[in-house]
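Positions are given from 1, in the same order as the sequence printed here.
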Amino acid sequence: MNDTPPPIEIRDACVSFRGKTVLDEIDCEFRPRSATAVIGSSGSGKTTLLRTIARMNDGMDGFRFRGKLFVQGSEIYGNGTDVCRLRGKVGMVFQKPCVFPKSVLENAVFGLKHHQPERKKEFPELAERFLREAFLWDEVKDRLHQPAAVLSQGQQQRLAIARALAVGPEIFLMDEPTASLDPKSTQAIEELVRSLKQKHCVVLATHNLGQARRLCEEVLFVCEGRIRESGPASRVFDNPLDEETRAYLSQ
């Protein structure tokens, strides 16, 4: 019997802003070493769900969370939660690449400076390790001291993933990570997701249903702030049970 808690477990959760409910009756969990696609129309609540898991809504005006949300068995909205430590467990990748106005190398080790400053002498070696894991090393090894902003969008997105990898998260939340990328960069990110899910729990919010089919074992369909359907990707895509899911997939 396996008593290990799921990487993410959400029970009867509700998210609201200034009294307006954005997510309601959210009840789901995400498995280790797999990728789950969160699909749904714009405004359905996909991004809010990911941001809630990473506790990135806390500073927003009128934000309120009700329910239970566990990361690796620990309730993250309970009293005494160390949000900085949580961010070390949960990496988030945004639709628009997020790099700091620093060099490629400094971006790659940015998290390490805060979480493991005692390893400063190892930073160059560690930067190479995580840039390789992000399939970026060969493209930037001669540009490590150049500003990260000179990289292409696809390279910046992979640099952001390398930066997240460096602090050792077990969970990756990805919010439309290829939406603004060209086909070549999209292919590189998809290959990276395939690699990440071998060791991590990956949650991928995407409008690209083909991408969800290619990359994900599980699917969660969100409509107007509620989970209307979830299950194995093959079943949801080929034989959806919910009428709203069928309508969305047939668009």
* To do: May I have all residue pairs that pass salt bridge (Lys or Arg N to Asp or Glu O under 4.0 Å) and include part of residues 239-251, sequence neighbours excluded?
  => Arg228-Asp242

* To do: Could I get the full list of side chain to side chain donor-acceptor pair (under 3.5 Å) partners for Thr52, not counting sequence neighbours?
  => Asn57

* From Glu224 CD over to Ser44 OG, what is the distance, rounded to the nearest 0.5 angstrom? -> 9.5 Å

* Residues that Asp138 engages under salt bridge (charged side-chain N to carboxylate O under 4.0 Å, His left out), provided they are two or more places apart -> none

* Please list, chain by chain and in numerical order, all residues satisfying salt bridge (charged side-chain N to carboxylate O under 4.0 Å, His left out) with Asp175, sequence neighbours excluded. => none

* Structure fact -> Applied to residues 84-103, the salt bridge (Lys or Arg N to Asp or Glu O under 4.0 Å) test, sequence neighbours excluded, yields none

* Out of curiosity, Gln153 CD to Gln156 CD, how far, rounded to the nearest 0.5 Å? -> 6.5 Å

* To do: Could you go through the salt bridge (charged side-chain N to carboxylate O under 4.0 Å, His left out) check for Glu133 and Arg129 one step at a time?
  => CA-CA 6 Å; Glu133 288 190 19; Arg129 172 185 167 186; 3.5 Å; yes

Taking only distance into account, with no hydrogens and no angle test, what donor-acceptor pairs under 3.5 Å do side-chain atoms of residues 11-20 form with protein atoms, sequence neighbours excluded?
unit_1 : atom_1 : unit_2 : atom_2 : d
Arg11  : NE     : Glu9   : OE2    : 3.0
Arg11  : NH1    : Asp27  : OD2    : 2.8
Arg11  : NH2    : Glu9   : OE2    : 3.3
Arg11  : NH2    : Glu29  : OE1    : 2.7
Arg18  : NE     : Asp61  : OD2    : 2.7
Arg18  : NH2    : Asp61  : OD2    : 2.4

* **Glu217: salt bridge (charged side-chain N to carboxylate O under 4.0 Å, His left out) partners, not counting sequence neighbours** => Lys197

* Asked: Who pairs with Glu106 by salt bridge (charged side-chain N to carboxylate O under 4.0 Å, His left out), at least two apart in sequence or on another chain?
  -> none

* To do: For Tyr248, check ring pair (Phe, Tyr, Trp, His ring centres under 6.0 Å) against everything at least two apart and list the hits.
  => Phe221

* Asked: Can the positive tip of Arg158 be found less than 6.0 Å from the middle of the six-membered ring of Phe135, inside 45° of the ring normal?
  -> no

* Salt-bridge present (Glu128, Arg132; N to O < 4.0 Å) -> yes

* To do: Among residues two or more places apart or on two chains, list those pairs meeting salt bridge (Lys or Arg N to Asp or Glu O under 4.0 Å) that have a residue in residues 185-195.
  => Glu190-Arg214, Glu191-Arg194

* Structure fact -> In short, salt bridge (Lys or Arg N to Asp or Glu O under 4.0 Å) pairs touching residues 37-54 with sequence neighbours left out are none

* Asked: Is it true that a side-chain atom of Gln72 and a backbone atom of Ile8 form a donor plus acceptor pair closer than 3.5 Å?
  -> no

* To do: Taking ring pair (Phe, Tyr, Trp, His ring centres under 6.0 Å) as the test, write out the residues that go with Phe130, two or more places apart.
  => none

* State whether the number of non-hydrogen atoms from other residues, nucleotides or ligands found under 6.0 Å of Glu122 atom CD is greater than 12. => yes

* Might you confirm whether atom CD of Glu170 has over 12 heavy atoms from other residues, nucleotides or ligands at distances under 6.0 Å? => no

